[in-house]
Amino acid sequence: MINGTAKKSATCVALLYTCFLVNHACDSDGVRFGYSGSTGPKYWGSLSPNFTMCSKGRYQSPINILKDDSVYNPKLEPLEMDYTAANTTIVDNVFNIALRCDDTAGTVKVDGKKYKLKQLHWHSPSEHTINGQRFAVELHMVHYSDDGNITVIAVLYRHGKPDSFLFQIKGKLAELHLEGCKAEKGDPLPAGLVDMRELKQGAHRYFRYVGSLTAPPCTENVIWNIFGEIREMSKEQAGALMAPLHGSYRHNCRPTQPLHGRTVQINHM
Ligand SMILES: *[C@@H]1O[C@H](CO)[C@@H](O)[C@H](O)[C@H]1NC(C)=O
Ligand SMILES: *[C@@H]1O[C@H](CO)[C@@H](O)[C@H](O)[C@H]1NC(C)=O
């Protein structure tokens, strides 16, 4: 009898805890935007004076890349990604999961200028589309130059074989998920040394255009480099990348934006 009662009350506590997590703890204070409803992408520009670029900007991201409309530019050099291993932290930003790197992660050279890799984060499904096709996941590797310019390398993934890079942070993603709502307001979790070199795979073919950050404040003059090669990750891995997020944030993809006369360049015939 006593055992039965104890079990019952443990179940009640577990249920209460679950309700608490769902209804109250994850109130996402401080994040003003979302991906659906009254804080969705259509309204970003009016949610804060800092977000006006999201509606006023003419050169926004993501875009739909039409392969036949992209222009071959023989002057585009292969992306020189000089990556190493970096000490990292993993953080739940409410609207995405990001891996932040210390200054040793490495650099990419774009048009002769060096940009340091600062953080990686993931969107699901993909934000950029190719010939109208959307993919399961999109990785953004965000780099900054010393004078504050931004270049992003994007990799598109379809469901398939497991991605070996993600094995390195599997445990940390699970830890973040277990922390539940606490993670959203907590400090980044130390995630140790992560080898960035595997991310260079597929760098020889890419699309290039100038756009913006795909989330508020939608800052423009971002140089985009989107790998032409579609990579694979397992469904489980794609799920693990979104699992710590709540509700509609698990679908964190901004709709594609008008080109307004921009051209997409391509570095191969
Ligand atoms: C706008 O951004 C600045 C700089 O990040 C910040 O200090 C300020 O509080 C922001 N304003 C609003 C209304 O969010
Ligand atoms: C990595 O960063 C953590 C803090 O996030 C720190 O405690 C640790 O000493 C660092 N490790 C190395 C090898 O620098």
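Every number for a ligand or one of its atoms is a count from 1 in the order of the listing. Since this is a predicted model, take the numbers as computed values, not measurements.
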Exercise for review: Number the atoms of ligand 2 from 1 as they appear, then name those within less than 4.0 Å of a heavy atom of T89, with their elements.
Suggested key: 5 (O)

Practice item. With sequence neighbours left out, write down each residue that passes salt bridge (charged side-chain N to carboxylate O under 4.0 Å, His left out) with K161, or none if nothing qualifies. Key: E232

Review point. Hey, any chance V71 and L259 share a hydrophobic cluster, counting ILVMFWY side chains that come within less than 4.5 Å of each other, even indirectly?
Key: no

Check your understanding: Can a protein heavy atom be found under 4.0 Å away from atom 5 (O) of ligand 2?
Key -> yes

Practice item. Give a yes or no on whether D147 atom CG has more than 12 heavy-atom contacts from other residues, nucleotides or ligands under 6.0 Å away. Key: yes

Check your understanding: Which bit of D102 gets closer than 4.0 Å to ligand 2, counting heavy atoms only: side chain, backbone, both or neither?
Key -> neither

Review point. Would you say N87 has any N or O atom under 3.5 Å from an N or O of ligand 2, going by distance alone?
Key: yes

**Study point:** Atom NZ of K109 with >12 non-hydrogen neighbours under 6.0 angstrom
**Key:** no

Exercise for review: Could you tell me whether atom 2 (O) of ligand 2 has at least one protein heavy atom nearer than 4.0 Å?
Suggested key: yes

Check your understanding: Does one hydrophobic cluster hold both Y35 and L139, with members joined at side-chain heavy-atom distances below 4.5 Å?
Key -> yes

